[in-house]
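For reference, the structure discussed in these notes is given below.
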There are 2 protein chains.
Amino acid sequence: MARKSGSSGEKTRAMVEDAAIRLIARYGFAAVSMRQIAREVGVQAGALYLYTPDKQSLLFDIMRGHLVHLLDSWQQHSPPVETPAVIRLERFVRFHIDYHIMRAEKVFISYMELRNLEPENFSEIERLRRDYEHVIEEILTAGVAEGAFEHTDSRLTTMAMIAMLTGVSTWYRDGGRLPAGAIATRYVDMAFRLAGAEPLAEVAE
Amino acid sequence: MARKSGSSGEKTRAMVEDAAIRLIARYGFAAVSMRQIAREVGVQAGALYLYTPDKQSLLFDIMRGHLVHLLDSWQQHSPPVETPAVIRLERFVRFHIDYHIMRAEKVFISYMELRNLEPENFSEIERLRRDYEHVIEEILTAGVAEGAFEHTDSRLTTMAMIAMLTGVSTWYRDGGRLPAGAIATRYVDMAFRLAGAEPLAEVAE
DNA sequence: GTCTATAATTAGATAGAC
DNA sequence: GTCTATCTAATTATAGAC
């Protein structure tokens with residue numbers, strides 16, 4: 001029988017993406033073959049091309065999907081812009097860490113596999129990444145304007161904060177020394193320190 | 001003529017490593033072929049095997065060489081342990097950023113290509129990385145004991161600080177908005193904030 | 001020390017049967 | 001929708017000439 005009974009295109013499509021994410025996160029895009037992905041799904045290599053025109057699109061779709069969903073999720077979680085920056089920063093840090101811990105593989109891929117994107121794809125992903133960086137930068141500059149934050153260089157503080165926060169996903173493991181919530185609380189504290197939040201706000205945290 | 005006049009083994013050996021570093025940093029280890037490296041050096045692929053037993057060793061030697069040299073350099077730059085932690089932290093941050101900016105490619109490889117190491121090689125590299133993490137952690141705990149730093153979790157602060165500092169090498173470019181020295185100064189300030197350095201020390205910076 | 005030639009394997013992608 | 005078979009090209013690594 002050439003076609004398994006009960007097999008369905010949409011289900012297989014999801015399995016292909018899942019397998020690709022798992023394998024690419026583990027071994028790296030260039031090191032993973034289409035045959036490996038197919039084996040993980042339980043189909044032959046040729047069948048993959050029903051769901052993706054080529055290997056590059058598989059990577060690109062994973063990364064774009066991740067970043068679009070990330071930005072979308074923040075839109076839904078973000079407080080209104082008129083909210084005090086201290087509140088917005090705390091909300092952002094908790095959102096970011098939570099999201100990145102829960103989707104560590106996609107985060108990892110989107111960070112590590114930029115080099116394997118073809119130029120046009122790279123540009124689109126970079127644009128989405130910059131959009132996300134601007135979320136922090138806007139909160140920081142708003143906080144300085146409010147007098148709630150005190151630091152000399154919002155752009156550099158943004159870069160430092162993103163690196164610091166995203167770093168969590170490189171070492172976090174379920175069942176580690178601290179639960180995710182406790183980690184997030186400590187990172188909120190550290191983000192406030194970097195931003196130069198007034199002691200009052202820091203205590204209130 | 002099978003052998004170029006004026007060619008020399010040691011010189012070629014260095015060119016092989018240089019080419020490997022440049023190409024792996026740019027395209028990733030798995031995506032770079034031995035033929036590409038050979039072409040960059042100006043020899044045939046077979047000749048590479050005079051200098052490395054296989055492709056894996058090429059990667060491993062780059063990473064181990066980098067980390068051994070990094071630890072060695074810090075040994076020579078580090079103030080005696082009895083030096084106040086504030087001084088030691090400032091020295092460390094400037095050393096780390098300077099070193100990482102000047103050797104961005106090796107740093108990048110050592111961070112991105114961990115997945116492509118065979119198990120035994122991975123273990124050795126991880127051991128060296130942990131040694132380096134302990135440098136910061138020791139300074140932070142010493143600072144807390146001295147009463148110079150105030151933070152709740154030295155281990156987490158270490159992870160945050162390493163991620164923050166190493167992140168510089170992912171975006172730094174010569175001729176950018178700020179010269180390397182100015183960037184380092186701002187990162188010293190941010191490191192002090194994370195560590196919870198007493199205001200007096202922060203002003204002294 | 002480097003070259004040419006080649007072995008052995010594997011890759012991405014397609015064609016056509018079912 | 002999936003399989004088998006296959007094409008074409010590339011890969012790591014080695015052997016042996018020079």
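The aromatic rings of A/F95 and A/F92 are tilted relative to each other, their planes meeting at an angle between 30° and 60°. Using cut-offs of 30° and 60° for the angle between ring planes, the A/H66 and A/Y99 rings count as tilted.
Checking the phosphate oxygens (OP1, OP2) of C/dT2, a side-chain nitrogen or oxygen of B/Y51 falls inside 4.0 Å. Distances shown here put every side-chain N or O of A/Q44 at or beyond 4.0 Å from the OP1 or OP2 atom of D/dT2.
For the pair A/E10 CD and D/dG1 P, the computed distance is 8 Å after rounding to whole Å. In this structure, A/D54 atom CG and C/dA13 atom P are separated by 5 Å, rounded to whole Å. At whole-Å resolution of the value, CG in B/L48 and C1' in D/dA13 are 11 Å apart. As rounded to whole Å, 10 Å separates atom P of C/dT2 from atom CZ of B/R13. What separates CD of A/Q36 from P of C/dT9 is a distance of 18 Å, to the nearest Å. Atom-to-atom, NZ of A/K55 to C1' of D/dA10 comes out at 13 Å; the value is rounded to the nearest Å. Rounded to whole Å, atom P of D/dA13 lies 10 Å from atom CG of B/L58. Rounded to whole Å, the distance from CE on A/M34 to P on C/dG12 is 7 Å.
There is no side-chain donor-acceptor pair under 3.5 Å between B/S169 and B/R103.
The stretch residues 154-163 of chain B participates, sequence neighbours left out, in these salt bridge (Lys or Arg N to Asp or Glu O under 4.0 Å) pairs: B/E133-B/R155, B/E137-B/R155.
In summary, A/E113 and A/K106 do not engage in a salt bridge, as defined by a charged side-chain N under 4.0 Å from a carboxylate O.
Of the listed nucleotides (D/dC3, D/dT11, C/dT2), C/dT2 has the atom at the smallest distance from the side chain of B/L50. If you check C/dG12, C/dT2, D/dC3 against the side chain of A/S33, the one that comes closest is C/dG12. Closest to the A/V43 side chain, of the nucleotides C/dC3, D/dT2, C/dG12, is D/dT2. Here the nucleotide nearest the side chain of B/T12, chosen from D/dT14, C/dT2, D/dT2, is C/dT2.
With sequence neighbours left out, the salt bridge (Lys or Arg N to Asp or Glu O under 4.0 Å) criterion links A/E150 to no other residue.
Of the options B/R193, B/M190, B/R186, a side-chain contact (heavy atoms from CB on, under 4.5 Å) to A/T157 is made by B/M190 and by none of the others.
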Between the protein and nucleotides 5-7 of chain C, which nitrogen or oxygen pairs are less than 3.5 angstrom apart?
none

